[in-house]
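A short write-up of the structure that comes next.
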Amino acid sequence: MSKKKKGLYFIEKILDYKQYQGQKYYLVKWQGYNNRDCTWEKPDKIPNLIEYLSEYEQNVKNLGSNFYYIENDEPPLLEDFIGVPCQQKQTVLQQQQEQIKKLQDQVCSLKQELNQVKKQQEDIIQLMQTLPQEKKVQQSNQQQDSENIQDSISELSQKNTEVKLPNEGGFEYGDQLDKIGQAAQIKQTGIKMYYLLWQKRCNGMIPKNRWVSSEYLQKYDIKSLCYYLQKKLQ
């Protein structure tokens, strides 16, 4: 979690706080560690809390509430530590499934439109080959039509490649796993969670790191899970 000295960890600063069911939690940044390694702690677990809170309020005042934000190094959510109600989990899952379906429908529609334009191009090329080439003006018009269709195909192909995937990484989006960063267990439910880091996508974008359940990792990449657990046992 942070620098060790005689078995102790040292707090660098507080980045955020939230309240859940009447209980306050503070997002603690540990010395020598990244934001992704932060933990949510209760007030009684933080020595000199008033001093750290004073520094936190000053940072928010001067730099804004997102003063600690670093791209691709975001701290874990409070829900990863205290658990999310089942109904809320289902709602999030449904939203993700709806978003994926919408993207799939969009890709399918673009492919159909692209196929129609290609067929039109083939029909025009066939017509050009069968008609006698008597008039230069007619040839010029036909060539212009072919060029316009080619431009349409290029435009549709570009649209097809510009369908945006979510910023968050996932096997269901075709992302490739780079490595498993760490593991944690939700206290209330006992569910084992793993923090996944992703490889760069074809468009050059690195997907946002993500906490996933053991079941999710077993479904998509059980080999990496087994390798990670075996390495931890060594």
Side-chain angles (χ1 to χ4, degrees), residues 1-4 9-21 23-43 45-85 88-89 91-93 95-96 98-100 103 162-187 191 193-213 216-217:
M1 186 178 296
S2 70
K3 279 187 178 179
K4 283 189 175 182
Y9 296 103
F10 295 92
I11 296 176
E12 180 177 329
K13 56 187 171 183
I14 289 177
L15 303 184
D16 203 350
Y17 81 93
K18 290 185 179 180
Q19 187 165 325
Y20 181 77
Q21 294 184 350
Q23 173 67 58
K24 286 186 177 180
Y25 294 88
Y26 295 93
L27 183 60
V28 176
K29 171 77 166 58
W30 301 93
Q31 290 183 12
Y33 282 76
N34 297 323
N35 286 353
R36 68 171 66 97
D37 300 316
C38 293
T39 58
W40 289 91
E41 306 290 346
K42 295 181 180 179
K45 300 293 184 180
I46 305 175
N48 302 323
L49 177 59
I50 296 179
E51 178 182 341
Y52 290 115
L53 283 180
S54 177
E55 180 185 2
Y56 163 75
E57 292 172 354
Q58 192 65 33
N59 285 332
V60 172
K61 180 179 179 181
N62 296 335
L63 305 174
S65 59
N66 291 329
F67 68 90
Y68 58 85
Y69 176 79
I70 300 177
E71 188 174 359
N72 295 325
D73 185 24
E74 299 180 8
L77 301 175
L78 175 61
E79 290 79 359
D80 296 331
F81 283 80
I82 63 176
V84 179
Q88 186 174 351
K89 282 186 176 180
T91 301
V92 172
L93 181 60
Q95 291 175 349
Q96 291 177 343
E98 290 175 357
Q99 186 178 15
I100 293 172
L103 288 171
E162 290 178 352
V163 175
K164 293 185 178 179
L165 293 172
N167 292 332
E168 185 179 56
F171 293 107
E172 62 269 33
Y173 309 136
D175 293 319
Q176 298 295 320
L177 178 66
D178 183 21
K179 65 178 180 178
I180 301 175
Q182 60 177 320
Q185 190 170 20
I186 300 176
K187 296 179 181 180
I191 296 176
M193 304 294 291
Y194 295 90
Y195 192 68
L196 305 186
L197 287 76
W198 305 95
Q199 297 180 16
K200 185 183 294 185
R201 289 174 177 165
C202 296
N203 60 7
M205 172 186 173
I206 299 178
K208 181 180 176 182
N209 300 333
R210 175 181 177 185
W211 282 95
V212 302
S213 67
Y216 177 90
L217 200 49

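Bear in mind the structure is a predicted one, so any value in this text is a computation, not a measurement. Because only heavy atoms are used, hydrogens play no part in the values below, and waters and symmetry mates are left out as well, while side chains stay in.
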Spacing of [X] atom [atom1] and [Y] atom [atom2] [to the nearest 0.5 Å]:
X: L27; Y: L15; atom1: CG; atom2: CG; answer: 5.0 Å
X: E12; Y: Y33; atom1: CD; atom2: OH; answer: 12.5 Å
X: L78; Y: Q23; atom1: CG; atom2: CD; answer: 10.0 Å
X: N59; Y: S65; atom1: CG; atom2: OG; answer: 11.5 Å
X: D178; Y: K200; atom1: CG; atom2: NZ; answer: 11.5 Å
X: K45; Y: I11; atom1: NZ; atom2: CD1; answer: 12.0 Å

Who passes side-chain hydrogen bond (donor to acceptor under 3.5 Å, both in side chains) against K208, sequence neighbours left out? E74
With side chain to side chain contact (heavy atoms under 4.5 Å, CB included) as the test, would you mind laying out the steps for I180 and L217 before giving the verdict? CA-CA 10 Å; I180 301 175; L217 200 49; 3.5 Å; yes
With sequence neighbours left out, what residues match A183 under side-chain contact (heavy atoms from CB on, under 4.5 Å)? K192, Y194, Y228
For I50, the side-chain contact (heavy atoms from CB on, under 4.5 Å) test, sequence neighbours excluded, returns none
Taking all non-hydrogen atoms of both residues, which atom of [X] and which atom of [Y] are closest, and how far apart?
X: P43; Y: K24; answer: CD-O, 3.3 Å
X: Q199; Y: L177; answer: NE2-O, 3.0 Å
X: I14; Y: Y56; answer: O-CD1, 3.4 Å
X: Y52; Y: P47; answer: CE1-O, 3.3 Å

pair [X]-[Y]: side-chain heavy atoms closer than 4.5 Å:
X: Y68; Y: L63; value: no
X: K42; Y: Y25; value: yes
X: F67; Y: Q58; value: no
X: F171; Y: L196; value: yes
X: I70; Y: N34; value: no

Please report the C-alpha distance between K29 and E55 in whole Å, then the side-chain angles of each, then the deciding distance to 0.1 Å, and finally whether the salt bridge (charged side-chain N to carboxylate O under 4.0 Å, His left out) criterion is met. CA-CA 13 Å; K29 171 77 166 58; E55 180 185 2; over 6 Å; no
For [X] and [Y], indicate whether the former's side chain and the latter's backbone hold a donor-acceptor pair under 3.5 Å.
X: D175; Y: P207; value: no
X: W198; Y: E168; value: no
X: Q182; Y: R36; value: yes
X: Q185; Y: I191; value: no

In terms of relative ring orientation, are Y26 and Y17 parallel, tilted or perpendicular, with 30° and 60° separating the classes? tilted
Parallel, tilted or perpendicular, judged at 30° and 60°: which one describes the rings of W211 and Y195? tilted
Where do D16 and W40 land on the side chain to side chain contact (heavy atoms under 4.5 Å, CB included) test, with the steps shown first? CA-CA 9 Å; D16 203 350; W40 289 91; 4.3 Å; yes
